[in-house]
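On a predicted model such as this, the values are computed, not experimentally measured, just so you know.
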Amino acid sequence: MIPERIPNLYQDRFLRLTENGELMTDVIIKLTHRYLDGKPAKAGKRSLSAADRDLDFWKASFWDDVSNEVFETEAFALALARYLQQNKVTRPGWLQHLVVTAPVALRRAIRYSQVFLSPTESHWKEIVGLDLGSAEGLSDFIKACEILQGENRQFKDTIKSIEAELKRLTPMETLVYASLFAFKHVVYSLGQQELRPELLDMDRADASRVDFQETTDAINQILISKLKTSVHSDFFISERIIGESLRKHMSSLLFPSSSTARAAEKCLSYLDTFERLVAAYLQFNEFVGRTINCFCFDEDYDIRFEGDRLIVFPRVIPDESEWDRNGKKLGRLHQYWHFRSIDEFIKLGLAFERFGSPENEESNRFAWISAIRTKLELTEIYGLDNHFTTEGGVKVDLLRTLLTIELMHAFYKHGYILPYCREYEQTGNWLAALTVFSFAGLIEGEIRFPITFAERKAKIARICNWTSSEEYPNGNKQMTEAILDFWSNDLKDLSRQLREHEHALKPELHERPILKIGNYLFQLPWMFAFQNNVTAAVNNLRRLGRNREELNLETNRIEKRLAETFTEFGFNVVGNLNPPRDSSEEVGEIDLICLRDDHLFVFEIKSGYIRKTHHDAWLHRTNTLRKAALQLKCELSASA
């Protein structure tokens with residue numbers, strides 16, 4: 001009995017398209033893009049995994065005879081990078097063949113894949129064993145990879161060694177030391193700009209914001225690493241357990257006595273270790289950002305050797321980088337939305353409304369304006385409506401959701417950060433200032449520690465009036481609960497996900513700044529006071545919430561609003577056009593076609609989130625934007 005042939009989906013499509021008269025090179029490039037886009041998703045009724053597509057794509061026979069034109073494409077380098085990142089499929093002799101026929105493509109793929117940072121991977125071992133012959137530049141390139149591999153390992157070994165000194169700390173205690181660190185090193189440098197606005201220096205303020213972002217990134221990495229090794233019991237806490245931890249790791253430092261001297265000494269030792277760990281992460285992140293990422297993802301950088309030392313350098317040093325220019329554009333846009341929000345605040349009739357007690361009125365008014373600012377951006381740019389549905393299935397008011405985080409920002413800035421900064425200016429010592437500030441809180445019956453906590457039910461009751469309306473004059477409890485959950489990061493669930501899936505989606509501290517442990521919600525006053533709430537809202541909804549059911553509706557709203565805008569400016573507009581399908585092309589829907597003065601504009605609309613690193617931007621360019629460009633090419637052909 002002859003066994004049934006298992007079809008190779010890419011090879012079969014190749015044969016079908018070439019039989020229809022398409023050039024082999026064009027077909028292979030099309031199939032390469034198809035592979036990069038994760039297509040096909042199914043074979044008949046059977047769902048295909050990434051491993052299934054890897055196997056079919058790299059085992060296809062058309063690779064036996066490929067033109068240099070294919071090897072020279074960006075798509076091939078990206079596809080080859082994926083080949084190097086997986087270990088289940090091997091094409092014997094393939095990499096050695098590329099050393100001779102496509103050394104530039106091989107070099108780019110090694111950079112894109114970062115396979116050299118994983119020295120135990122089989123494909124890297126194969127690369128190290130290649131006969132490089134006279135391939136131009138490959139020998140020095142592999143040498144550079146090995147140097148970067150060694151430096152990367154040294155940074156990681158240093159971090160691992162310091163983390164071992166803090167292994168006894170629970171996630172909650174790690175947050176305590178993160179907060180002590182922040183009040184020692186971060187709070188006054190940023191808070192004084194609010195305290196003394198007349199002395200504000202814009203360059204210094206921008207540098208402080210960058211330092212804050214880099215520091216919070218490092219602290220977030222420390223927390224993520226801790227959660228990966230946490231045990232189940234770390235997340236079962238009570239008020240007694242919290243009290244004991246705070247006495248051991250904070251109170252003995254803030255309120256010293258002869259009986260707590262040893263505990264305070266231990267606390268200072270832990271804090272010193274935490275400072276070294278933050279410094280190690282900062283150095284590692286700088287190495288990744290300025291060396292690894294430039295080496296791997298920036299075509300404008302090259303390498304040279306000074307003895308055994310590797311130098312990664314820009315071929316041309318511009319007066320201002322594109323990245324910096326885009327940052328300035330975002331800054332201008334932030335001002336635009338702020339001015340828009342003031343206009344909207346007045347139009348809503350809120351200009352002469354009272355916002356709480358006289359001492360809080362100014363900050364509460366600013367919180368409303370800030371919430372309106374973010375709402376305008378979310379509705380006009382990201383397609384949200386006045387309400388959205390949370391992961392728990394509760395429909396909540398968008399403005400109230402944004403107002404909650406802004407009111408928390410105002411509370412911590414004016415109730416914690418600025419009073420601490422005043423004490424710092426009086427004492428000149430971070431610990432003395434924190435002691436005076438915390439003790440004053442106790443006298444007033446308030447717990448004003450560098451980290452705050454409350455039982456979830458108590459927190460809901462405390463802020464329920466923030467959701468008051470004509471229908472719910474005392475606040476909407478269900479909505480308050482849903483809003484708190486929207487801004488909360490359940491550390492127990494995240495710990496489980498990180499242990500089960502190495503590449504699980506990880507919330508940044510600012511994206512979900514309320515940290516849930518057991519039945520308690522923890523907040524870091526310094527985080528709320530200085531974080532960017534626009535980025536927090538956008539990325540919570542668009543990055544962490546990328547699988548929300550309402551996402552397609554939001555994209556449709558973006559397309560509709562853009563179409564209306566073009567119509568207002570005199571364009572003839574057609575939206576959501578589905579051209580006849582060509583057997584060889586998958587055109588799909590054309591989002592927007594606009595015509596005016598004999599000029600035709602075709603738009604493919606993609607909506608994302610706010611990215612913060614060059615690597616994130618590169619991934620966006622080589623995935624979402626690459627796919628959009630390919631769609632536009634097909635759509636232009638279909639609309640011609």
Side-chain angles (χ1 to χ4, degrees), residues 169-184 186-188 190-191 216 219-220 223 235 237-255 267 271 360 363 367 404-421 423 430-431 433-466 480-481 483-485 487-491 509-531 533 536:
L169 296 182
T170 65
M172 188 197 78
E173 291 162 353
T174 301
L175 293 174
V176 169
Y177 284 102
S179 292
L180 289 172
F181 174 91
F183 273 85
K184 182 177 180 180
V186 176
V187 170
Y188 182 70
L190 287 169
T216 52
I219 290 174
N220 192 69
L223 178 61
F235 305 99
I237 61 174
S238 63
E239 197 159 324
R240 178 186 61 81
I241 292 173
I242 295 172
E244 288 177 356
S245 287
L246 293 182
R247 278 193 295 273
K248 182 178 179 182
H249 296 283
M250 187 171 62
S251 296
S252 61
L253 195 61
L254 297 183
F255 311 115
C267 186
L271 181 57
N360 296 325
S363 60
T404 297
I405 202 73
E406 294 294 349
L407 287 172
M408 289 180 178
H409 162 81
F411 172 75
Y412 284 116
K413 184 173 78 171
H414 294 280
Y416 281 70
I417 301 307
L418 296 185
Y420 165 80
C421 289
E423 296 297 341
W430 77 275
L431 187 53
L434 194 54
T435 296
V436 172
F437 166 71
S438 299
F439 190 72
L442 293 177
I443 293 175
E444 296 171 14
E446 294 282 345
I447 298 177
R448 292 180 186 165
F449 287 160
I451 181 172
T452 68
F453 67 94
E455 207 167 4
R456 186 170 177 273
K457 288 182 180 179
K459 188 70 174 181
I460 292 169
R462 187 169 184 174
I463 68 169
C464 191
N465 65 325
W466 292 359
T480 304
E481 185 176 354
I483 289 172
L484 269 181
D485 288 343
W487 290 115
S488 294
N489 182 3
D490 191 321
L491 298 189
L509 275 176
H510 68 278
E511 291 170 338
R512 292 183 178 172
I514 301 174
L515 306 172
K516 183 175 183 291
I517 305 177
N519 292 320
Y520 291 85
L521 302 178
F522 290 81
Q523 291 175 269
L524 311 177
W526 53 275
M527 191 75 222
F528 275 89
F530 301 124
Q531 72 172 33
N533 288 332

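For Glu455, there are no side chain to side chain donor-acceptor pair (under 3.5 Å) partners, not counting sequence neighbours. Every residue meeting the side chain to side chain donor-acceptor pair (under 3.5 Å) condition with Thr452, not counting sequence neighbours, appears here in chain and number order: Tyr412. In terms of the side chain to side chain donor-acceptor pair (under 3.5 Å) criterion, residue partners of Asn533 (sequence neighbours excluded) are, by chain and number, Glu406, Gln531. For Lys248, the side chain to side chain donor-acceptor pair (under 3.5 Å) criterion is met by no residue, not counting sequence neighbours. Residues that satisfy the salt bridge (charged side-chain N to carboxylate O under 4.0 Å, His left out) test with Lys459, not counting sequence neighbours, are absent from this structure.
Ser438 and Arg448 make their closest contact through OG-O, 3.1 Å (heavy atoms, listed as atom of the first residue, atom of the second, distance). Considering every non-hydrogen atom in both Arg512 and Asn489, the closest pair reads O-CB, 3.6 Å. Here the shortest heavy-atom pairing between Ser179 and Ile451 reads OG-CB, 3.9 Å. Nearest heavy-atom pair across Tyr520 and Glu239 is OH-N, 3.2 Å. In terms of heavy-atom proximity, His249 sits nearest to Cys267 at O-SG, 2.9 Å.
Judged purely by atom type and a 3.5 angstrom limit, Lys516 uses its side chain to pair as donor or acceptor with the backbone of Gly518. In this structure, Ser488 contributes its side chain and Leu515 its backbone to no donor-acceptor pair below 3.5 Å. Of the possible polar contacts, one joining the Asn220 side chain to the Leu509 backbone as a donor-acceptor pair under 3.5 Å is found.
You'll find the side chain of Leu254 reaches within 4.5 Å of the side chain of Pro450, heavy atoms only. Looking at heavy atoms from C-beta onward, Ile241 lies out of side-chain contact with Met172 at the 4.5 angstrom threshold. Residues Leu271 and Met250 are not in side-chain contact: their nearest non-hydrogen atoms beyond the backbone lie 4.5 Å or more apart. Counting heavy atoms from C-beta outward, Leu180 and Leu434 have side chains that approach closer than 4.5 Å. Counting heavy atoms from C-beta outward, Ile242 and Phe522 have side chains that approach closer than 4.5 Å. Counting heavy atoms from C-beta outward, Ile463 and Leu407 have side chains that stay 4.5 Å or more apart. Between Pro513 and Leu524, every side-chain heavy-atom pair lies at or beyond the 4.5 Å cut-off. Contact of the Thr170 side chain with the Phe235 side chain is not registered, since no non-hydrogen atoms from C-beta on lie closer than 4.5 Å.
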Could you please spell out the steps behind the side-chain contact (heavy atoms from CB on, under 4.5 Å) verdict for Tyr416 and Phe437? CA-CA 8 Å; Tyr416 281 70; Phe437 166 71; 3.7 Å; yes
With side-chain contact (heavy atoms from CB on, under 4.5 Å) as the criterion, how do Ile219 and Tyr177 come out once you've worked through the C-alpha distance, each side chain's angles and the decisive distance to 0.1 Å? CA-CA 10 Å; Ile219 290 174; Tyr177 284 102; over 6 Å; no
Under the side-chain contact (heavy atoms from CB on, under 4.5 Å) rule, what do Trp526 and Thr216 come out as? Steps first, then yes or no, please. CA-CA 10 Å; Trp526 53 275; Thr216 52; 3.7 Å; yes
Let's go through Ser363 and Lys413 carefully: what are the C-alpha distance in whole Å and the side-chain angles of both, what is the deciding distance for side-chain contact (heavy atoms from CB on, under 4.5 Å) to 0.1 Å, and is it a yes or a no? CA-CA 9 Å; Ser363 60; Lys413 184 173 78 171; over 6 Å; no
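In this structure, CZ in Arg456 is found 10.5 Å from CD1 in Ile514, a value given to the nearest 0.5 Å. The line from NE2 of His510 to CH2 of Trp487 is 9.5 Å long, rounded to the nearest 0.5 Å.
Within a 6.0 Å sphere centred on CG of Leu442, heavy atoms belonging to other residues, nucleotides or ligands number more than 12. More than 12 heavy atoms of other residues, nucleotides or ligands shown are found within 6.0 angstrom of CD on Glu244. More than 12 heavy atoms of other residues, nucleotides or ligands sit less than 6.0 Å from atom CZ of Phe255.
Listed by first and then second residue, the salt bridge (Lys or Arg N to Asp or Glu O under 4.0 Å) pairs involving residues 521-530 amount to none (not counting sequence neighbours).
Checked against the 6.0 Å centroid threshold, Tyr188 and Tyr420 do not count as a close aromatic pair.
Between the side chains of Thr480 and Trp466, not a single donor N or O lies within less than 3.5 Å of an accepting N or O.
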